[in-house]
Amino acid sequence: MTVRTRIAPSPTGTPHLGTAYIALFNKAFAEQQQGQFILRIEDSDAARSTKKSEIDICESLQWLNLRWDEGPDVGGPRGPYRVSERLPIYREHAQQLLHNGCAFRCFCSPERLVEVRQAQQKRKETPKYDGHCLGLSPQESKRRADAGEPFVVRLRVPPDGECTFTDQIRGEITIPWQQVDMQVLVKSDGFPTYHLCATVDDHLMGITHILRGEEWLSSCPKHVLLYDYFGWDFQKLYHLPLLRNKDQSKMSKRKNPTGIHYYRDRGYIPEALLNYLGTMGWSMPDGREQFSYDEFVEKLDLKRITPRGPVFDSEKLDWLNGVYLRDLDDADFQNRYLAWAQRADLGKLSSMLKERAERFDQVLPQVAYLVGEPAPFDADSFVHKSLVNEDIVKILDFAERTLDTVADWQSEAIAAALRSTAEKCSFKPREFLAPLFVAISGKKVALPLFDSIETLGEELTRARLRTAIDFLGGISNKSRKKLDKEWEALFSSDA
RNA sequence: GUCCCCUUCGUCUAGUGGCCCAGGACACUGGGUUUUCAUCCCAGCAACAGGGGUUCGACUCCCCUAGGGGACGCCA
């Protein structure tokens, strides 16, 4: 039996480091076993999935050299490799479950579901579906569906007993069925949920080993049940630990740069990043911390994966990247850093740069803070005639939240969003923008703010804002709460 | 709240009952090499969450407590 592994990202945002982490282990293991590594695009959330995100994901995995043997772009014998192109397959399988009584139609309105959930929470019970439509006769169920009443398909779950399965990293795990919700398998728009399509596709695509994030551990019983209902053999499961923030919580963009592009744009080289990711929850038998991807493939032993969630330590990554840079021979180093600095998006700034320069030697200093690190702040970087420290921190924090909502990362959209926030919290645009300018550029004089932000990109911008906030003393839990409230008030008054 | 997972230096980790009064790496501190800086070299700091068992012997096995994390969506 050939080993087949997969990674199934959902194209709903910027490519995440966690995806690269999981991809690395899947790919390396498949390669070691002379099997195949598959990329499947899990675009089962029609509302949030975007083509751009899919392209970004592919591109960032390619940058890391984590190429796939089968996938939406390269095809393969078990395609198609996009959930949205496999709808008839899921429909057929859902039909089968319905037919066997392993699943049932649910006609409950979203409003009712919310009510039920709230009542359960009030009674301190585990929120889950109350089984309202469980008792519908097949005839009744079919009649209502045929009459055009909207419905979802839910998984039938045993009322008692427990589910036992094996995670290859942790051993046997037992979860009471009472804890397991009657999961929606098919949404009212006819799309499958993750649980249905992932299980069906993993089987149909011949996946033999599932290496995925630990967040899936508690939904395993649903997957076990589905495999049981279909009569299929279950894959070997490996739940890799979740990458963590410094405070041990699941790595998130609010607390850490999580986008793969961020690391590329800051000049980490793929070899180093991959190497570092390979030391998260795993170690070489001989303890070596610097190793190439090929060495990783050669020595990878899934049994050596630890279940403990590792904190992503950017300082150690910096050190490792430095080691790699120093190992490059001089010509290589030159080629690579010049290639890195050769950024097409810098071209957009030409008109602004021309106005501000008489010679090329005056151009470089102007873009320095966009291409490289900005000058460090000093005591009076943020001093402002009408703003106190507290205002400035608030502005920086609100700017970060505002930028979160910008879907189209263009200077016009960025400008509009920030201006609107400034107005809402009754700052003059000039006041609101001043601290941002310093936070972004590190200087009092620089290229226009919104264009700088556009060029910097989302994560780099976020990182600068956060650095500035830290420089100003950070945000205590107490003031964080206050800011949350204030933001909430501004935001909801919008509606 | 319920369920599940986890618990070795600040951080990443080695350790699968005696080799461990716990080893390596990052960070930090001190020293050396170097015209500066960086690199490099040397040294130092620093951990088995707590409590019960099991055992001749526990970092390693079991139980409890505590702490951390995750899940509880017509998101994945």
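Given the structure is predicted, the values throughout are model-derived calculations rather than measurements. First the proteins, then the strands, lettered A, B, ... as listed; each starts at 1.
Nucleic acid contact for A:Cys108: base, since at least one base atom lies under 4.0 Å from a heavy atom of the residue. Nucleic acid contact for A:Arg304: sugar-phosphate only, since backbone atoms but no base atoms lie under 4.0 Å from a heavy atom of the residue. When heavy atoms are screened at a 4.0 angstrom cut-off, A:Pro310 is found touching the sugar-phosphate backbone but no base atom. As judged by a 4.0 angstrom heavy-atom cut-off over every strand, A:Val152 is placed among the base-contacting residues. When heavy atoms are screened at a 4.0 angstrom cut-off, A:Ser283 is found touching the sugar-phosphate backbone but no base atom. Residue contacts for A:Glu315: at a heavy-atom cut-off of 4.0 Å it reaches the sugar-phosphate backbone alone, with no base atom in range. Using a 4.0 Å heavy-atom distance criterion, A:Ser10 is classed as a sugar-phosphate-only contact. Contact annotation for A:Gly322: no contact, since no heavy-atom pair falls under 4.0 Å across all strands.
The side chain to side chain contact (heavy atoms under 4.5 Å, CB included) search around A:Phe230 returns A:His93, A:Gln96, A:Leu97, A:Val200, A:Leu226, A:Trp232, not counting sequence neighbours.
Checking B:C5, B:C74, B:A14 against every side-chain atom of A:Thr306, the shortest atom distance belongs to B:A14. In the set B:C12, B:G1, B:A76, the nucleotide with an atom closest to the side chain of A:Glu215 is B:A76. Side-chain atoms of A:Glu42 lie closest to B:A76 of the nucleotides B:A76, B:G69, B:U11.
For the segment residues 158-180 of chain A, residues with any heavy atom less than 4.0 angstrom from an atom of RNA chain B are, sorted by number, A:Arg170, A:Ile173, A:Thr174, A:Ile175, A:Pro176, A:Gln179.
A close approach under 4.0 Å does not occur between any side-chain nitrogen or oxygen of A:Arg244 and OP1 or OP2 of B:G69. Residue A:Arg117 has a polar side-chain atom (N or O) positioned under 4.0 Å from OP1 or OP2 of B:C74. In this model, the phosphate group of B:A76 is approached by a side-chain N or O of A:Ser44 to a distance below 4.0 Å at OP1 or OP2. Contact check, A:Lys250 against B:A71: a side-chain N or O comes under 4.0 Å of OP1 or OP2. When the side-chain nitrogen and oxygen atoms of A:Lys222 are compared with OP1 and OP2 of B:C3, none of them lie within a distance under 4.0 Å.
Atoms CH2 (A:Trp319) and C1' (B:U13) sit 12 Å apart, rounded to a whole Å. What separates CG of A:Leu185 from C1' of B:C75 is a distance of 15 Å, to the nearest Å. Rounded to whole angstrom, the span from the NZ atom of A:Lys246 across to the C1' atom of B:G69 amounts to 18 Å. The separation between A:Met182 atom CE and B:C72 atom P is 17 Å, rounded to whole Å. In this structure, the CG atom of A:Asn321 is 17 Å from the C1' atom of B:A27, given to the nearest Å. Atom NE2 of A:His239 and atom P of B:A71 are 12 Å apart (whole Å). With rounding to whole Å, A:Glu289 atom CD is found 15 Å from B:U11 atom P. When rounded to the nearest whole Å, the span between CZ of A:Arg6 and P of B:A76 equals 13 Å.
Between the side chain of A:Ser188 and the base of B:C74, a donor-acceptor pair under 3.5 Å is found. Residue A:Gln121 places no side-chain atom within donor-acceptor reach of the base of B:G1, judged by atom type and a 3.5 Å distance cut-off alone. Residue A:Lys316 places a side-chain atom within donor-acceptor reach of the base of B:A25, judged by atom type and a 3.5 Å distance cut-off alone.
A distance of about 35 Å separates the P atoms of B:C5 and B:A25, rounded to the whole Å. Annotation: B:G69 and B:C61 have their C1' atoms spaced 25 Å apart (nearest Å).
A salt bridge does not link A:Glu42 with A:Arg212: none of the charged nitrogens is closer than 4.0 Å to a carboxylate oxygen. Ionic pairing of A:Lys51 and A:Glu54 is present here: one or more N-O contacts between side-chain nitrogen and carboxylate oxygen are shorter than 4.0 angstrom. For A:Arg40 and A:Asp202, the salt-bridge test passes: some basic side-chain N is under 4.0 Å from an acidic carboxylate O.
The main-chain N or O of A:Val83 is found under 3.5 Å from a side-chain atom of A:Asp43 such that the two form a donor-acceptor pair.
In this structure, a donor-acceptor pair under 3.5 Å is absent between the side chains of A:Tyr229 and A:Asn100.
Minimum heavy-atom separation, A:Arg336 to A:Pro270: NH2-CD, 3.8 Å.
Pair assignment for B:G44: B:C28, on the basis of Watson-Crick or G-U wobble contacts that are both within less than 3.5 Å. The partner of B:G1 is B:C72, by the rule that a Watson-Crick or G-U pair needs both atom distances under 3.5 Å.
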- Task: Show your reasoning for whether side chain to side chain donor-acceptor pair (under 3.5 Å) applies to A:Asp247 and A:Ser249.
- Result: CA-CA 6 Å; A:Asp247 64 3; A:Ser249 59; 2.6 Å; yes
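Geometrically, A:Arg144 does not engage A:Phe151 in a cation-pi contact defined by less than 6.0 Å to the ring centre and at most 45° from the axis.
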